[in-house]
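This report concerns only the one structure given below.
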Amino acid sequence: MGVNSDFKRLNREFFKREPVVVAKELLGKYIIRKIDSEIIIGKIVETEAYGGTEDKGCHVGRYGRTKKTELLFGEVGKAYIYPVYINTYCLNVVAHKDNKAGGVLFRALEPILGIEKIIENLNKDKNYDITKLLNGPGKICKGLKIGRDLNGYDMIEGDEIYIVEGEKVKEDEIITTSRINIPYAGKDKYLPWRFIIKDSKFLSR
DNA sequence: TCTGGGATCGGCT
DNA sequence: GCCGATCCCAGAC
């Protein structure tokens, strides 16, 4: 597929659905990141849904509606960027039905374009295993230079980072599992809200 | 003002 | 598999 063709951007309506549905349908789509004149493109191969005030795994279920989580209640299609530990961030997109809250976490991407730039951002050398470049939420943010300054950024209207239609992923190519690294979620950690593309070499684990 | 917790990563055993 | 890094800011005093 030619990367210069007219990619169709996802519209606001796409994200006005249950986070679980959005997470699943985001598989195979492309994230476009523009930094000055540089363009980085990654195919979405792994996502997790976080949503609903009942979900003990998501920030809303844990903290309620606070300044931190306010974005998850707001306009869908915006970036929700959350810091974890040191110098590490996670990229989410806000997605929920009206009057609710939720989001989708990007856990792994397949690098498509701008691979040298990604390697540079991660301070890796040329021989670094490409399948491990963006195989984790922290590395996505570092590799695509996504920082707190993009928290709340509108990925529907904005040009610095957005999502476009990609490859159609068949139902039998999708594997559903429970989410990663949320031991605090009680029984909600078993919810089958993680979606991965079967046989992808670019997954987080 | 101060302090703790956080949806991780990479390196070592 | 387990451990340590030593940032940021919301909420508590």
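To find a chain, count down the sequence lines: A is the first, B the second, and so on, and within it residues start at 1.
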Please tell me which of the listed nucleotides, [options], lies nearest to the side chain of [X]?
| X | options | answer |
| --- | --- | --- |
| Y63(A) | dG6(B), dC9(B), dT6(C) | dG6(B) |
| H59(A) | dA7(B), dT8(B), dT6(C) | dA7(B) |
| K124(A) | dT8(B), dG10(B), dC7(C) | dG10(B) |
| R107(A) | dG10(B), dG6(B), dT8(B) | dT8(B) |

Kindly confirm or rule out a cation-pi arrangement of [X] over [Y], judged by NZ or CZ under 6.0 Å from the six-membered ring centre and within 45° of its axis?
| X | Y | result |
| --- | --- | --- |
| R17(A) | F15(A) | no |
| R179(A) | Y50(A) | yes |
| R148(A) | Y89(A) | no |

Separation of the [atom1] atoms in [N] and [M], to the nearest angstrom:
| N | M | atom1 | result |
| --- | --- | --- | --- |
| dT6(C) | dC12(B) | P | 15 Å |
| dA5(C) | dT13(B) | P | 15 Å |
| dC13(C) | dG5(B) | P | 13 Å |

**Asked** Can you check salt bridge (Lys or Arg N to Asp or Glu O under 4.0 Å) on R33(A) and D159(A), steps first, answer last?
**Response** CA-CA 8 Å; R33(A) 172 75 172 118; D159(A) 278 327; over 6 Å; no
**Request:** Please state how far atom CG in N181(A) lies from atom P in dG10(B), giving the value in whole angstrom units.
**Result:**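 That distance rounds to 14 Å.
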**Prompt:** ring pair (Phe, Tyr, Trp, His ring centres under 6.0 Å) with H59(A): which of Y184(A), F73(A), Y82(A)?
**Reply:**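 Considering Y184(A), F73(A), Y82(A), a ring pair (Phe, Tyr, Trp, His ring centres under 6.0 Å) with H59(A) is found only for Y82(A).
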**Asked** In terms of the nearest nucleotide of DNA chain B, which residue is placed more toward the 5' end: I180(A) or Y128(A)?
**Response** I180(A)
**Transitive ILVMFWY side-chain link L105(A) to L144(A), under 4.5 Å** = no
**Request:** Establish, from distance only, whether the side-chain atoms of Y30(A) and E165(A) form a donor-acceptor pair under 3.5 Å.
**Result:** no
**Complete:** For DNA chain B, the expected dot-bracket line (Watson-Crick or G-U under 3.5 Å, [ ] crossing, | inter-strand) is ||||||.|||||.
**Prompt:** Which part of the nucleic acid, if any, lies within contact of K142(A), taking any heavy atom under 4.0 Å across all strands shown: a base, the sugar-phosphate backbone alone, or nothing?
**Reply:** nothing
**Message:** Under 4.0 Å, counting only non-hydrogen atoms across every strand here, what does R194(A) touch: a base, just sugar-phosphate, or nothing?
**Reply:**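 Nothing: the residue R194(A), judged by heavy atoms under 4.0 Å, touches no strand.
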**Message:** Working note: K100(A) + D55(A), criterion salt bridge (Lys or Arg N to Asp or Glu O under 4.0 Å); need CA distance, chi angles, decisive distance, verdict.
**Reply:** CA-CA 12 Å; K100(A) 289 194 181 174; D55(A) 174 20; over 6 Å; no
Between protein and nucleic acid, restricted to nucleotides 8-11 of chain C and to nitrogen or oxygen atoms under 3.5 Å apart, what atom pairs and distances do you find?
residue	atom	partner	partner atom	Å
dC9(C)	OP1	R148(A)	NE	3.2

**Request:** Indicate yes or no: does K67(A) engage E70(A) in a salt bridge with an N to O separation below 4.0 Å.
**Result:** no
**Message:** Would Y82(A) count as stacking on dG6(B) if stacking means ring centres less than 5.5 angstrom apart and planes tilted under 30 degrees?
**Reply:** no
